[in-house]
Amino acid sequence: MRNGGNAMTEDHEKTIQARQAKIDASTQAVPLHKEQPMIIKALAVAATLIGLFVIQRATGKLGWAVADWFQWEKIDPDQSFTRLSMHHLVQMILVAALIWIFKRFIQKEFGFQTGDVRTGGRIVLIFSLSITGIALAYHLLMQRIGNLPVYAYPLSVRNVLGSLGFQLLICGPSEEIVYRALPVTLLLSVFGRSIRITEDISLEVVLTALLFAAAHVSWSGFPASVREWNLFPLLYAFAMGVLNGAVYQKTRSILYPMAMHSISNFVMVGTGYLFHLLQQA
């Protein structure tokens, strides 16, 4: 009987201790422990976005500086493609070097593999047909309202072929490495996982698209003072940034956004040239 009483007393004391432990745990600053990681993560995301913006601005300025070392008059007297091509090549090389460095620390892939070939190929094909229709419809509308693009250089054979070659071969690969592969992967690393807004669109893609749109603002000073901006190019850049970013994550490859970017630029610029030349004929 005594042993039973001792057992009951011990059980009672354990119950009291368990209850007291729960009370002590509930009185601790639990909200602080829950909020602190979120605050730290938010600061890390903000710092990453600022860092990416500075990287994009700095590599862009270095690209222009290197491009200006050369004399392009003999090759490209109207400067319609050579200076811009060198700028993009230098910026791409600098960011690719940064990606190589980051990859050693965060152990993440930046999309230089082929990824989902079937899905990527299908998306590129559908996109190519769609952007062709959009380009034709847009320029027909611009022709109707008398607002076709105006070019800062004559549409000679050299200028047309040179600028279209830049759009098709250099612009897409360069800008997708700078504005998609690097920022999406770094933000994903900071978040720890992909944060989905919809089934196909993530927060890291939207933030990256905002950075891409910011690249289409005319800045003065360093790192940031807005000099000039135009609404339509900003909206178009943001939309393309979201689309290309979503394809990058879906296919696990930057190659398909590169192709989409190149085709989009080639078709839009080429259609503008076509309508302009037809108007002059």
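Heavy-atom basis, side chains included; hydrogens, waters and symmetry copies ignored. Predicted, not measured: the structure shown is a model, and the values here were computed from it. When a residue number appears, it is its place in the shown sequence, counting from 1.
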Chemist: Looking only at heavy atoms, which two atoms of G60 and Q91 are closest? And how far apart?
Modeler: N-NE2, 3.5 Å
Chemist: My understanding is that only residues two or more places apart in sequence, or in another chain, count here; which of them pass ring pair (Phe, Tyr, Trp, His ring centres under 6.0 Å) with F110?
Modeler: none
Chemist: Would you check if the side chain of R252 reaches a backbone N or O of Q113 as a donor-acceptor pair within less than 3.5 Å?
Modeler: no
Chemist: Honestly curious: do L161 and L155 fall in one hydrophobic cluster under the side-chain, below-4.5 Å linking rule?
Modeler: no
Chemist: Who pairs with I101 by side chain to side chain contact (heavy atoms under 4.5 Å, CB included), at least two apart in sequence or on another chain?
Modeler: F105
Chemist: Check L255 against T114 and note the closest heavy-atom contact, atom names and distance.
Modeler: CD1-CA, 4.0 Å
Chemist: Spell out, as yes or no, whether a donor-acceptor pair under 3.5 Å connects the side chain of H276 to the backbone of V150.
Modeler: no
Chemist: Which residues pass the side chain to side chain donor-acceptor pair (under 3.5 Å) test with D200, sequence neighbours left out?
Modeler: none
Chemist: Given side chain to side chain contact (heavy atoms under 4.5 Å, CB included), test L278 with Q143 step by step and report yes or no.
Modeler: CA-CA 11 Å; L278 290 174; Q143 184 184 49; 5.7 Å; no
Chemist: The criterion is ring pair (Phe, Tyr, Trp, His ring centres under 6.0 Å); which residues satisfy it with F70, sequence neighbours excluded?
Modeler: W72
Chemist: Measure across T132 and V267 and return the closest heavy-atom pair with its distance rounded to 0.1 Å.
Modeler: CA-CG1, 3.8 Å
Chemist: Taking all non-hydrogen atoms of both residues into account, name the closest pair between S80 and N159 and its distance.
Modeler: OG-OD1, 3.0 Å
Chemist: Any link between Y256 and L125 through a network of hydrophobic side chains (Ile, Leu, Val, Met, Phe, Trp, Tyr) touching at under 4.5 Å?
Modeler: no
Chemist: Can you list the steps and then say if V90 with W64 is a side chain to side chain contact (heavy atoms under 4.5 Å, CB included)?
Modeler: CA-CA 8 Å; V90 171; W64 289 124; over 6 Å; no
Chemist: Between L62 and W69, is there shared hydrophobic-cluster membership here, with clusters defined by ILVMFWY side-chain heavy atoms closer than 4.5 Å?
Modeler: yes
Chemist: First locate atom CG of L203, then atom OG1 of T198, and finally report the distance between them rounded to the nearest 0.5 Å.
Modeler: 11.5 Å
Chemist: What's the spacing between L136 CG and I131 CD1 if we round to 0.5 Å?
Modeler: 10.5 Å
Chemist: Among residues at least two apart in sequence or on other chains, which ones pass side chain to side chain contact (heavy atoms under 4.5 Å, CB included) with A67?
Modeler: R83, M86
Chemist: Please report the closest heavy-atom contact between F275 and L140, naming both atoms and the distance.
Modeler: CE2-CD2, 3.7 Å
Chemist: Treat each ILVMFWY residue as a node, draw an edge where side-chain heavy atoms are under 4.5 Å apart, and state whether I75 and L84 are in one component.
Modeler: no
Chemist: Between M260 and F127, which heavy-atom pair has the shortest distance, and what is it?
Modeler: O-CE2, 3.2 Å
Chemist: Under 3.5 Å, which donor-acceptor pairs do the side chains of residues 183-191 form with other protein atoms, sequence neighbours left out?
Modeler:
| unit_1 | atom_1 | unit_2 | atom_2 | d |
| --- | --- | --- | --- | --- |
| T185 | OG1 | A181 | O | 2.7 |
| T185 | OG1 | Y248 | OH | 3.0 |

Chemist: Under 3.5 Å, is there a donor-acceptor pair between the side chain of D76 and the main chain of T82?
Modeler: yes
Chemist: Output all residues satisfying side chain to side chain donor-acceptor pair (under 3.5 Å) with Y273, sequence neighbours left out; order by chain, then residue number.
Modeler: Y153, S163
Chemist: Starting from the C-alpha separation in whole Å, work towards a yes-or-no answer on side chain to side chain contact (heavy atoms under 4.5 Å, CB included) for M258 and I177.
Modeler: CA-CA 8 Å; M258 283 180 180; I177 289 173; 3.5 Å; yes
Chemist: Which residues pass the side chain to side chain contact (heavy atoms under 4.5 Å, CB included) test with P149, not counting sequence neighbours?
Modeler: H139, Y151
Chemist: So how far is it from L52 CG to L210 CG, rounded to the nearest 0.5 Å?
Modeler: 12.5 Å
Chemist: As an exercise, state the distance from CZ of F53 to OG1 of T48, rounded to the nearest 0.5 Å.
Modeler: 15.0 Å
Chemist: Run the side chain to side chain contact (heavy atoms under 4.5 Å, CB included) check on V160 and F81 step by step: do they pass?
Modeler: CA-CA 9 Å; V160 168; F81 60 94; over 6 Å; no
Chemist: Using the test side chain to side chain donor-acceptor pair (under 3.5 Å), find all partners of Y236 that sit at least two apart in sequence or belong to another chain.
Modeler: S264
Chemist: Can you give each donor-acceptor pair under 3.5 Å made by side-chain atoms of residues 166-176, sequence neighbours left out, with the distance rounded to 0.1 Å?
Modeler:
| unit_1 | atom_1 | unit_2 | atom_2 | d |
| --- | --- | --- | --- | --- |
| Q167 | OE1 | N265 | ND2 | 3.0 |
| S174 | OG | H88 | O | 2.8 |
| E175 | OE1 | H261 | NE2 | 3.0 |
| E175 | OE2 | H88 | NE2 | 2.9 |
| E176 | OE1 | R180 | NE | 2.8 |
| E176 | OE2 | R180 | NH2 | 2.8 |
| E176 | OE2 | N244 | ND2 | 3.0 |
| E176 | OE2 | H261 | ND1 | 2.6 |

Chemist: Is I93 linked to V178 within one hydrophobic cluster, defined over Ile, Leu, Val, Met, Phe, Trp and Tyr using a side-chain heavy-atom separation of less than 4.5 Å?
Modeler: no
Chemist: Please round to the nearest 0.5 Å and tell me the distance separating atom CD1 of I99 and atom CE of M92.
Modeler: 10.5 Å
Chemist: Quick test of your reading: applying salt bridge (charged side-chain N to carboxylate O under 4.0 Å, His left out), list the pairs with at least one residue in residues 105-131, sequence neighbours left out, ordered by first then second residue.
Modeler: K103-E109
Chemist: Name all residues meeting the ring pair (Phe, Tyr, Trp, His ring centres under 6.0 Å) criterion together with Y138; count only those two or more places apart in sequence or in a different chain, and write none if there are none.
Modeler: F232
Chemist: State the OG1-OH distance between T208 and Y179, to the nearest 0.5 angstrom.
Modeler: 12.0 Å
